[in-house]
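Notes for the one structure printed next.
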Amino acid sequence: MDKADPSHHAQALAEASAASMLSRDSATAAMGMALAAVRPGYARMTMAVRPDMLNGHQSCHGGFIFALADSAFAFACNSYNMNTVGAACTIDYLAPAYQGDVLAAEAVEQSLAGKSGIYDVKVSNQDGRAIALFRGKSIRVAGSVIPENN
């Protein structure tokens, strides 16, 4: 890929923005999430369901599934190196996840206009079974993801 190619620059910026965010994201690290892929307007994160993530039904607590989807959403909408936060989000739980499952949340930009964006996130287990569907609405705020002194 030619370094003068705008798509190369956009990809490099998405990766640098993600690395900057990951270096400061204690919550994502504490839940054992990993960033599997990032590109402009897209992120894929994974998380193994641990025993301490189980609810009283011995399935993964919905809050952890939500957190995984929310983190993928955050990395996707911050991939342009512009500080962006969630303005609203919803989730529909489709199936349970269990201890030992490895969940993947794939966030895809659906719309980006002005300071607002809409992202859909599908959470699936290691077998490809849909666990949840999440929609996040983002709003750009002041500043950049990568600190200015870098």
Side-chain angles (χ1 to χ4, degrees), residues 1 5-50 53-55 59-98 100-148 150:
M1 188 179 293
D5 178 5
S7 64
H8 175 79
H9 175 72
Q11 180 61 31
L13 187 61
E15 290 172 7
S17 296
S20 182
M21 282 182 58
L22 272 174
S23 73
R24 302 184 306 267
D25 191 340
S26 301
T28 293
M31 287 183 264
M33 295 179 200
L35 182 63
V38 67
R39 58 182 181 261
Y42 173 91
R44 185 174 182 275
M45 299 200 75
T46 60
M47 178 184 77
V49 179
R50 305 181 312 230
M53 296 175 169
L54 302 180
N55 62 24
S59 61
C60 186
H61 189 289
F64 288 105
I65 296 168
F66 184 96
L68 175 64
D70 189 44
S71 285
F73 164 53
F75 281 90
C77 66
N78 281 279
S79 62
Y80 301 103
N81 191 33
M82 292 181 277
N83 282 340
T84 306
V85 297
C89 49
T90 60
I91 193 165
D92 292 298
Y93 297 101
L94 308 174
Y98 298 101
D101 280 349
V102 177
L103 303 181
E106 187 172 40
V108 179
E109 184 178 272
Q110 301 300 315
S111 173
L112 185 59
K115 294 182 177 187
S116 300
I118 298 175
Y119 295 77
D120 286 337
V121 184
K122 182 178 181 181
V123 179
S124 303
N125 70 8
Q126 67 280 355
D127 299 321
R129 182 176 186 193
I131 301 299
L133 298 174
F134 171 108
R135 173 162 274 192
K137 296 177 184 177
S138 68
I139 187 79
R140 192 174 70 221
V141 295
S144 59
V145 175
I146 302 168
E148 293 293 323
N150 278 355

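Only this structure's heavy atoms are used, side chains among them; waters, hydrogens and symmetry mates stay out. Quick caveat: nothing in here was measured; it's all calculated off a predicted structure.
For Asp120, the side-chain hydrogen bond (donor to acceptor under 3.5 Å, both in side chains) partners at least two apart in sequence or on another chain are Arg135. Looking at residues two or more places apart in sequence or on another chain, you find a side-chain hydrogen bond (donor to acceptor under 3.5 Å, both in side chains) between Asp25 and Thr28. Shown here are the side-chain hydrogen bond (donor to acceptor under 3.5 Å, both in side chains) partners of Gln110, two or more places apart in sequence or in another chain: there are none. By the ring-ring contact (aromatic ring centres under 6.0 Å, His included) test, Phe134 is found to be paired with Phe66, Phe73, residues two or more places apart in sequence or in another chain being considered.
The structure places CG of Asp70 at 9.5 Å from CG of Leu68, a figure rounded to the nearest 0.5 Å. To the nearest 0.5 Å, atoms CZ (Phe64) and CE (Met31) are separated by 7.0 Å. Distance check: Ser71 OG to Met33 CE gives 4.0 Å after rounding to the nearest 0.5 Å. How far NZ of Lys137 is from OG of Ser111: 11.0 Å, rounded to the nearest 0.5 Å. From Tyr119, atom OH reaches atom SG of Cys89 across 14.0 Å, with rounding to the nearest 0.5 Å.
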Could you pull out every donor-acceptor pair under 3.5 Å between side chains of residues 139-146 and any protein atom, sequence neighbours left out?
unit_1	atom_1	unit_2	atom_2	d
Ser144	OG	Ile146	O	3.0
Ser144	OG	Glu148	OE2	3.1

Let me check something: any side-chain donor-acceptor pairs from residues 121-128 under 3.5 Å, sequence neighbours excluded? List them with distances.
unit_1	atom_1	unit_2	atom_2	d
Asn125	OD1	Asp127	N	2.9
Asn125	OD1	Gly128	N	3.2
Asn125	OD1	Arg129	N	3.0
Gln126	OE1	Val102	N	2.9
Gln126	NE2	Asp101	OD1	3.0

What donor-acceptor contacts under 3.5 angstrom involve side-chain atoms of residues 34-43, with partners at least two apart or in another chain?
unit_1	atom_1	unit_2	atom_2	d
Tyr42	OH	Glu106	OE2	2.6

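The two residues Ala104 and Arg44 come nearest to each other via the heavy atoms CB-NH2, 3.4 Å. Between Met45 and Ala72, the closest heavy-atom pair is SD-N, 3.6 Å.
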side-chain contact (heavy atoms from CB on, under 4.5 Å) assessment of Leu103 paired with Thr46: CA-CA 5 Å; Leu103 303 181; Thr46 60; over 6 Å; no
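For the side chain to side chain donor-acceptor pair (under 3.5 Å) condition, the pairs that include at least one residue of residues 72-91, sequence neighbours left out, are Tyr80-Glu109.
Put simply, the side chain of Ile65 reaches to within 4.5 Å of the side chain of Tyr93, judged on heavy atoms.
Put simply, the side chain of Ser20 never gets that close to the backbone of Ala16: no donor and acceptor are under 3.5 Å apart.
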